[in-house]
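Note that the structure is predicted; figures quoted are calculated from it, not measured. Only this structure's heavy atoms are used, side chains among them; waters, hydrogens and symmetry mates stay out.
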Amino acid sequence: MSTKRFATVDDYLISLDPVKAETVRAVIDTILADFPETEAVIAWNVPQIKRGKQYVFGVSTAKKHISLNPWSEQV
């Protein structure tokens, strides 16, 4: 069975339980507020933060955890 494909970050968040969705939304919103030159997109079927053409941060979820994935040592 193939995984559902998400078109937007909101689509991804709707698929999560409410606690995970709220936590992931808070992480994304904090990054976007602190770094207004970034944007949230879906890539590799999970939320990613981009700055220009470069991915700088990603987040994904599993049954019992949330993974925070910086794309460089600078992040």
Side-chain angles (χ1 to χ4, degrees):
M1 180 176 212
S2 133
T3 303
K4 178 182 176 187
R5 305 306 294 170
F6 302 107
T8 67
V9 173
D10 287 334
D11 288 344
Y12 182 88
L13 295 175
I14 289 168
S15 75
L16 303 177
D17 71 66
V19 173
K20 278 189 195 135
E22 182 179 340
T23 303
V24 171
R25 171 55 69 196
V27 168
I28 291 170
D29 287 349
T30 298
I31 294 169
L32 297 177
D34 288 351
F35 302 95
E37 70 279 8
T38 61
E39 66 176 319
V41 299
I42 291 291
W44 301 282
N45 209 34
V46 295
Q48 301 286 326
I49 305 295
K50 284 179 79 174
R51 181 176 176 206
K53 293 182 180 183
Q54 184 177 23
Y55 294 98
V56 295
F57 185 85
V59 61
S60 61
T61 61
K63 185 174 182 179
K64 294 189 177 189
H65 70 274
I66 297 172
S67 295
L68 305 176
N69 308 295
W71 281 81
S72 75
E73 291 178 15
Q74 296 155 333
V75 173

Pairwise distance CD1(Ile31) to CZ(Arg51) - rounded to 0.5 angstrom: 13.0 Å

Once rounded to the nearest 0.5 Å, what's the spacing between atom CD of Glu37 and atom CG of Leu32? 10.0 Å

Heavy atoms from other residues, nucleotides or ligands near CD of Glu22 exceed 12 (cutoff 6.0 Å): no

Look at the rings of Tyr12 and Phe6 and say which category their plane angle falls in: under 30° parallel, 30 to 60° tilted, over 60° perpendicular. perpendicular

Just by distance, do the side chain of Asn69 and the backbone of Gln48 share a donor-acceptor pair under 3.5 Å? no

So, taking the atom named OG1 in Thr61 and the one named CD1 in Ile66, what distance separates them when rounded to the nearest 0.5 Å? 7.0 Å

Just verifying a value: how many Å separate Asp29 CG and Asp34 CG, rounded to the nearest 0.5 Å? 11.0 Å

Shortest non-hydrogen separation from Arg25 to Asp10 and the atoms involved: NH2-OD1, 2.5 Å

Can you confirm whether Phe57 sits close enough to Leu68 that some side-chain heavy atom of one is under 4.5 Å from a side-chain heavy atom of the other? yes

Residues Lys50 and Glu39 bridged, charged N to O under 4.0 Å: no

So does Lys63 get a backbone contact from the side chain of Lys20, meaning a donor-acceptor N/O pair under 3.5 Å? yes

Do Pro47 and Ile42 make a side-chain contact, defined as non-hydrogen atoms from C-beta onward lying under 4.5 Å apart? yes

Between Trp44 and Val41, is there a shared hydrophobic cluster once you connect ILVMFWY residues whose side-chain heavy atoms come closer than 4.5 Å? yes

